[in-house]
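Computed from a prediction, not measured in an experiment: that's the story for all the values here.
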Amino acid sequence: MAFSQKVDSSLLDSSTQLDLLKSPYRGLIDNNGIVFLVNEDGKSVKAISKENAIWNKNVVEDHLPFVGVKVIRHLSVKPDQIIAIFGKHCSVSLRKTDGAYSNLCCD
């Protein structure tokens, strides 16, 4: 179910990778204009298209327990997926269309 979601464009970067610990930006825009935004809690990622949320996933809480600070540190946009790095050594891929998880890795 989509719901209206305004996005502050000053929080977005048009590159394919975002280091959330060093950057003032909070999200990325892909080639199709879809925004992938890390929520203010630092734990969730949402996909937004034309001001409508497509999906919202709490990446950190869905993959407990792990080592490190419980926030997303890095976000990457790939052709069909988003990769979120969180905690000390965890990463997960999210399918762009529905946010389905794949390739969880914690070392």
Side-chain angles (χ1 to χ4, degrees):
M1 175 184 287
F3 55 92
S4 180
Q5 179 71 52
K6 296 281 186 188
V7 178
D8 181 352
S9 62
S10 70
L11 299 175
L12 304 176
D13 191 350
S14 60
S15 68
T16 59
Q17 297 190 36
L18 179 60
D19 182 340
L20 292 153
L21 300 179
K22 295 179 182 176
S23 174
Y25 300 113
R26 303 300 302 157
L28 298 170
I29 305 171
D30 77 356
N31 294 338
N32 298 318
I34 297 174
V35 172
F36 299 95
L37 188 67
V38 175
N39 293 334
E40 290 180 14
D41 65 3
K43 299 177 181 184
S44 303
V45 177
K46 61 182 150 191
I48 304 164
S49 176
K50 297 179 181 153
E51 298 185 1
N52 289 314
I54 302 169
W55 51 261
N56 187 20
K57 295 286 186 168
N58 191 325
V59 173
V60 174
E61 297 297 325
D62 289 348
H63 296 96
L64 290 176
F66 64 89
V67 177
V69 180
K70 297 177 181 179
V71 296
I72 298 169
R73 300 184 294 113
H74 191 270
L75 205 60
S76 300
V77 176
K78 304 294 182 188
D80 296 321
Q81 62 188 348
I82 299 300
I83 299 172
I85 298 174
F86 57 99
K88 187 172 181 184
H89 299 288
C90 294
S91 67
V92 68
S93 299
L94 299 102
R95 191 168 43 216
K96 282 184 173 182
T97 55
D98 60 6
Y101 294 121
S102 65
N103 303 322
L104 172 66
C105 176
C106 287
D107 56 7

So, do [X] and [Y] sit near enough that their side-chain heavy atoms are less than 4.5 Å apart?
X	Y	answer
Val45	Ile72	yes
Ser76	Gln17	yes
Val35	Leu12	yes

Shorter than 2.5 angstrom, is that how the SG atoms of Cys105 and Cys90 come out?
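Cys105 does not pair with Cys90 as a disulfide (SG atoms not under 2.5 Å apart), so no.
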
If you group Ile, Leu, Val, Met, Phe, Trp and Tyr by side-chain heavy-atom gaps below 4.5 Å, do Ile83 and Val59 land in one group?
no

Report yes or no: do Ile85 and Leu18 belong to one cluster of Ile/Leu/Val/Met/Phe/Trp/Tyr joined by side chain heavy-atom distances under 4.5 Å?
no

For [X], give me all partners under salt bridge (charged side-chain N to carboxylate O under 4.0 Å, His left out), at least two apart in sequence or on another chain.
X	result
Lys43	Glu61
Asp8	none
Asp30	Lys96

Contacts of type side-chain contact (heavy atoms from CB on, under 4.5 Å), residue [X], not counting sequence neighbours:
X	result
Asn31	none
Thr97	Arg95
Asp80	none
Arg26	Leu11, Leu20, Leu37, Val38

Check side-chain hydrogen bond (donor to acceptor under 3.5 Å, both in side chains) between [X] and all other residues, then give those that pass, not counting sequence neighbours.
X	value
Asn39	Lys46, Asn56
Ser49	none
Asp62	Tyr101
Ser91	none

Non-hydrogen atoms of Ser102 and Val92 that approach each other most closely
O-CG2, 3.6 Å

Leu94 to Gly99 - nearest heavy-atom pair and separation
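Smallest heavy-atom distance, with atoms named: CD2-O, 3.7 Å.
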
How long is the span from the [atom1] atom in [X] to the [atom2] atom in [Y], to the nearest 0.5 Å?
X	Y	atom1	atom2	result
Ser93	Leu104	OG	CG	9.5 Å
Phe36	Asp13	CZ	CG	14.0 Å
Leu75	Tyr25	CG	OH	15.0 Å
Lys22	His74	NZ	NE2	9.5 Å
Leu28	Ser14	CG	OG	9.0 Å

Any side-chain to backbone donor/acceptor pair from Arg73 onto Lys88? Under 3.5 Å, distance only.
yes

